[in-house]
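Written out below as C-alpha cells is the structure these notes cover.
Side chains included, hydrogens not; waters and symmetry mates left out as well; all remaining heavy atoms used.
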Amino acid sequence: MTQGNRLHVQGVFLGYRRSNANQYENTALIKVDGVRSREDTPFYMGKRVAYVYKAKSKKNGSKVRVIWGRLVAAHGNSGTFRARFRNNLPPKAMGSQVRVMLYPSRV
C-alpha cells in the first residue's frame, strides 16, 4: 500500500488588511501552520491558496466550491501573510481553514 502525499498545509483566514479607520477587503491575512517568524516566510511566497466551501445548490454536479488566491507578501514579524484572491473572501470565512498549496515550487 502506498502512502499518499498531501500537497498542502493548513492555514487560517484571520481577516482583512486594515488600518484604524479603513479596511482593505482585497487583501486577506492568512496564518500558515508551522510559520512562526518572518524568516520562515520566503518559502511560501507565491504559493497558491484555496478557500474550499460548500454551497447550497449544485454547480457542475457538486456543491463544493473554491476561491483561489496567492500569497503575495509577509505581514508583520510573526509569520502572517497577505493574500490576494480572485474574488474577495466573504466575511463569514473569517477564522475558517484555507489550504496553502505547496506549488508552484521555486526550489
Side-chain angles (χ1 to χ4, degrees):
M1 184 158 114
T2 60
Q3 181 180 356
N5 294 327
R6 195 176 68 192
L7 292 177
H8 70 274
V9 294
Q10 293 290 357
V12 177
F13 170 43
L14 301 177
Y16 303 113
R17 186 168 71 98
R18 56 170 296 156
S19 64
N20 198 13
N22 299 323
Q23 176 171 283
Y24 304 97
E25 291 91 359
N26 59 349
T27 306
L29 299 180
I30 306 290
K31 182 71 176 166
V32 179
D33 283 355
V35 181
R36 297 282 174 257
S37 67
R38 196 175 185 101
E39 288 75 38
D40 300 336
T41 59
F43 172 79
Y44 289 97
M45 287 301 164
K47 298 285 192 265
R48 299 191 65 193
V49 185
Y51 169 63
V52 181
Y53 64 101
K54 286 187 178 173
K56 202 167 197 178
S57 58
K58 284 191 175 184
K59 196 180 266 192
N60 296 330
S62 174
K63 292 185 178 183
V64 178
R65 301 195 189 157
V66 181
I67 300 176
W68 285 99
R70 195 174 292 274
L71 296 179
V72 294
H75 181 81
N77 294 315
S78 63
T80 305
F81 291 90
R82 296 179 194 163
R84 296 271 169 121
F85 286 82
R86 288 185 185 158
N87 296 340
N88 296 344
L89 292 182
K92 71 169 188 172
M94 285 187 196
S96 61
Q97 299 283 324
V98 295
R99 296 179 186 179
V100 179
M101 303 300 175
L102 295 178
Y103 55 82
S105 175
R106 298 184 302 143
V107 178

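- Residue Asn20 holds its CG atom at 7.0 Å from CZ of Arg18, rounded to the nearest 0.5 Å.
- The cluster map of Ile, Leu, Val, Met, Phe, Trp and Tyr, joined by side-chain heavy atoms under 4.5 Å apart, puts Val49 and Val72 in different clusters.
- Remark: side-chain polar atoms of Arg84 are not paired, donor with acceptor, to backbone N or O of Arg70 under 3.5 angstrom.
- Leu7 is not connected to Val98 by any chain of hydrophobic side-chain contacts under 4.5 Å among Ile, Leu, Val, Met, Phe, Trp and Tyr, and they are in different clusters.
- Transitive grouping of hydrophobic side chains (ILVMFWY, heavy atoms separated by less than 4.5 Å) keeps Leu14 and Tyr44 in distinct clusters.
- Closest approach of Thr41 and Gly79 over heavy atoms only: CG2-CA, 4.1 Å.
- Nearest heavy atom pair, residue Tyr53 against residue Val66, reads CE2-N, 4.2 Å.
- Minimum heavy-atom separation, Pro90 to Ile67: CD-CD1, 4.2 Å.
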Could you go step by step and tell me if Thr80 and Leu29 meet the side chain to side chain contact (heavy atoms under 4.5 Å, CB included) rule? CA-CA 7 Å; Thr80 305; Leu29 299 180; 4.2 Å; yes
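- One hydrophobic cluster, built from ILVMFWY side chains closer than 4.5 Å, holds both Met94 and Val32.
- The ring-ring contact (aromatic ring centres under 6.0 Å, His included) check on Tyr24 picks up nothing, with sequence neighbours excluded.
- Separation of atoms CZ (Arg82) and NE2 (His75) is listed at 5.5 Å; rounding is to 0.5 Å.
- Within the 4.5 Å cutoff, the side chain of Leu102 has heavy atoms near those of the Phe43 side chain.
- Cluster membership check: Leu89 does not share its hydrophobic cluster with Val12, using side-chain heavy-atom separations under 4.5 Å among Ile, Leu, Val, Met, Phe, Trp and Tyr.
- In terms of heavy-atom proximity, Met101 sits nearest to Ala50 at CE-CB, 4.0 Å.
- To the nearest 0.5 Å, atom NZ of residue Lys59 and atom CZ of residue Arg65 are 4.5 Å apart.
- Rounding to the nearest 0.5 Å gives a distance of 6.0 Å between CZ of Arg106 and NZ of Lys47.
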Begin from the C-alpha positions of Val100 and Gln10 and carry the test side chain to side chain contact (heavy atoms under 4.5 Å, CB included) through to its verdict. CA-CA 6 Å; Val100 179; Gln10 293 290 357; over 6 Å; no
Test side chain to side chain contact (heavy atoms under 4.5 Å, CB included) on Arg36 and Lys31; report intermediate values, then the result. CA-CA 9 Å; Arg36 297 282 174 257; Lys31 182 71 176 166; 3.8 Å; yes
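- Ring geometry for Phe13 versus Tyr16: interplanar angle over 60°, hence perpendicular rather than tilted (30 to 60°).
- In this structure, the separation between CZ on Arg38 and CG on Asp40 is 12.0 Å, given to the nearest 0.5 Å.
- Rounding to the nearest 0.5 Å gives a distance of 12.5 Å between OH of Tyr51 and CG of Asn87.
- Here the closest non-hydrogen pair linking Pro104 and Gly46 is CD-O, 3.6 Å.
- Pairing each heavy atom of Arg6 with each of His8, the nearest pair is NE-O, 2.8 Å.
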